[in-house]
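Residue numbers run from 1 in the order of the sequence given. Only a predicted model underlies this, so the values are computations on that prediction, with no experimental measurement involved.
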Amino acid sequence: MKTLPPPSAATAPAGRMSRRQWGLLLVLAGNMLIDALEVSVAVVAVPSIGDDLGLARSSAQWVMTGFALGFGALMLFGTRAVALAGRRRMYLLALLGFATASLLGAVTGEPAVLIATRFVKGFCAALTAPTGLAILSTAMREGPERDRAISVYTLFGAGGFTAGLLLSGALTPLSWRWTFAFPAPVVLLLFALCLKLIPADETPAGADRHYDAAGAVTLAGGLLALVYGITALPGHGAGDPRTLGAFALAAALLAWFARHERRTPRPLLRTELLAHPPMLRSAVGAATLNGSYLGLLFLVSYQTQTLWGWSPWQTALAIVPASAPLAVTALLSGRMVARWGAPRLIALGALPPLLGYVLYLRLPAGGDYTTAVLPTMLLVGAGFVLSFAALNMQAVSGLPAAERGEASGAYQTAVQLGAAVMLAGVAALLTAYQPEAGATEEQVLAGYRPALELITAAGALGLLTALTGLGRPRPRTAGPAAHHLTTAPKGKP
């Protein structure tokens, strides 16, 4: 299909977008919505998947962790691939890969294949989410037009998590397979529209085509081995050769990655970037916030459905108060940061989730949503409203414009890897302390406590990290676009 020329200033009066520009915006924002909701569609469906495929909790968590690892471990490599191979080409290939993996994951009966498709979809999302924003930035004129487009894109991304919960809650009772199948036709439609609407781009002449595949493979391999080692602990024990071998392999690969990145002329991740204090504080804060949140949702999904007998739809509605506030307030976040400053909001935002986790440690029996679940969900939601944009902006504050894209990629990597490691830890503890069949509700809830204590510890680490940023000179934010650079799929940040 012939590609139309890029939308230009000549197609509409100043300050107004043409119909083609609106079409491009809606197509890219629609895919951003799909990318974001793909994180949450598995949350409610995990117990059903585990029951259907005969997976223990430590194995079922891979359905969520696989996406986070695919996105986080390959985010930096994906950014490099897009820069060298072209935005349009990589965006279209990622859409096809996403649709194919969705269909395959929906029909397979093999857990390993399902997990592999989730990893592939995470990588595809790592290609499309930031690339869509870059396409918009070049297709829209600087000023009100670009700001409006980025606001719409951000709104779709912020609302995707809640949309995924509700869709999964509605589809899982029919079959958990529908939760993975439904994106495929939507993405194929978006692909057809993108063929016409996404403008062609050219790779700069004489560009250094160094993809650093070795760095990407060792980082991904090391993280996969680390998560496998954590999840192997309940079933095999710390002294089992499989567990020890996984941790040894993870240490060797990650050490090689660090050494390789220091020596290669064009590293995927520069160590100097990690030494930037605002970047490091944001990465740790977002990783603990996202990881503790998804760990809690994993626990709550099992608690409500397997212990209290709730339907997937009831579980989805129970979780929505933690995610919906961010979708409603996303467009106001930038103003909040401008007024109060990122460090202050991050510290303030780290407190409510921690209080919510401490409150949930009561683990009351009986399934009373109003007193047992809702307060924690509201506190977690308040934390994201306060700190979401602030963490994004602080990650790139004080950096030259040329380095902000790299910082954003490193930040998102930390966000997703925090989720992967925390999910593995929570699932391992739930498996290790799961009581025998016929246990009372109090005994089952007692088995949840170690996992909740890990979640609470992660929340405490996030708060302590945020407090170290108080009292420092207020850094300059990178401008309005800084917030939107990290609207990629998330647990949320």
Side-chain angles (χ1 to χ4, degrees), residues 31 35 66-98 100-101 116-135 137-138 194 198-226 249-250 252-274 279 283 399-417 420 485-486 488-489:
N31 189 65
D35 286 344
F67 185 89
L69 282 174
F71 182 82
L74 296 174
M75 174 70 182
L76 298 171
F77 175 74
T79 303
R80 177 71 54 82
V82 169
L84 296 180
R87 296 171 182 170
R88 184 176 189 273
R89 177 186 301 171
M90 296 307 298
Y91 197 93
L92 294 174
L93 287 175
L95 289 178
L96 288 179
F98 193 100
T100 302
T117 63
R118 296 287 293 163
F119 186 88
V120 170
K121 290 170 82 171
F123 177 43
C124 291
L127 291 171
T128 56
T131 306
L133 179 61
I135 292 171
S137 297
T138 56
C194 285
I198 294 182
D201 52 6
E202 298 180 1
T203 303
D208 179 10
R209 305 186 69 82
H210 178 66
Y211 287 87
D212 194 10
V217 170
T218 51
L219 176 60
L223 293 169
L224 283 167
L226 174 62
L249 179 61
L253 288 174
L254 294 176
W256 193 94
F257 170 77
R259 179 174 179 271
H260 170 75
E261 293 300 292
R262 286 196 299 269
R263 296 189 173 191
T264 188
R266 290 198 61 201
L268 293 175
L269 179 62
R270 291 183 299 109
T271 54
E272 296 86 353
L273 192 62
L274 298 179
M279 165 65 196
L399 292 172
E403 296 181 8
R404 291 173 194 161
E406 183 183 1
S408 176
Y411 170 82
Q412 277 296 330
T413 297
V415 169
Q416 299 302 327
L417 298 185
L485 280 171
T486 49

Worksheet entry | Rounded distance [0.5 Å steps], CD in E272 versus CD in E403 | 9.0 Å
Worksheet item: Is there a side-chain contact between L273 and E406 (heavy atoms, below 4.5 Å)?
Response: yes
Practice prompt. Flag the pair L268 / E261 as yes when at least one side-chain heavy-atom distance between them is below 4.5 Å, and no otherwise.
Written response: yes
Worksheet, complete the sentence: In terms of heavy-atom contacts, M90 and L127 come closest through CE-CD1, 4.1 Å
Fill in: Straight-line distance of K121 NZ to F98 CZ, nearest 0.5 Å
4.5 Å
Worksheet, complete the sentence: CG (L95) and CD1 (I198) are apart, to the nearest 0.5 Å, by 7.0 Å
Fill in: Contact check, side chains of L69 and L417, non-hydrogen atoms, under 4.5 Å
yes
Fill in: Step-by-step side chain to side chain contact (heavy atoms under 4.5 Å, CB included) determination, L253 to F257
CA-CA 6 Å; L253 288 174; F257 170 77; over 6 Å; no
Item to complete: Could you grab the distance from atom OG1 of T128 to atom CG of L133, nearest 0.5 Å is fine?
Response: 11.5 Å
Practice prompt. For residues F77 and D212, determine if any side-chain heavy atom of one lies less than 4.5 Å from a side-chain heavy atom of the other.
Written response: no
Discussion item. So F71 and D35, do their side chains get closer than 4.5 Å, heavy atoms only?
Written reply: no
Discussion item. How close do A101 and T117 get, counting heavy atoms only, and between which atoms?
Written reply: O-CB, 3.5 Å
Practice prompt. Calculate, to the nearest 0.5 Å, the distance between atoms CG and CZ belonging to L76 and R270 respectively.
Written response: 11.5 Å
Practice prompt. Indicate the atoms forming the closest heavy-atom contact of P130 with A125, along with that distance.
Written response: CD-O, 4.0 Å
Practice prompt. May I ask you to decide if A213's main-chain N or O and R80's side chain share a donor-acceptor pair within less than 3.5 Å?
Written response: no
Item to complete: List the atom of Y91, the atom of C194, and the distance in Å for their closest heavy-atom pair.
Response: CE2-SG, 3.9 Å
Discussion item. Looking at every non-hydrogen atom in both residues, tell me the closest pair between L269 and A410 and how far apart they are.
Written reply: CD1-CB, 3.7 Å
Worksheet entry | Spatial distance of atom OH (Y211) from atom CZ (R266) [nearest 0.5 Å] | 10.5 Å
Worksheet entry | R88 to P199 - nearest heavy-atom pair and separation | CD-O, 3.5 Å
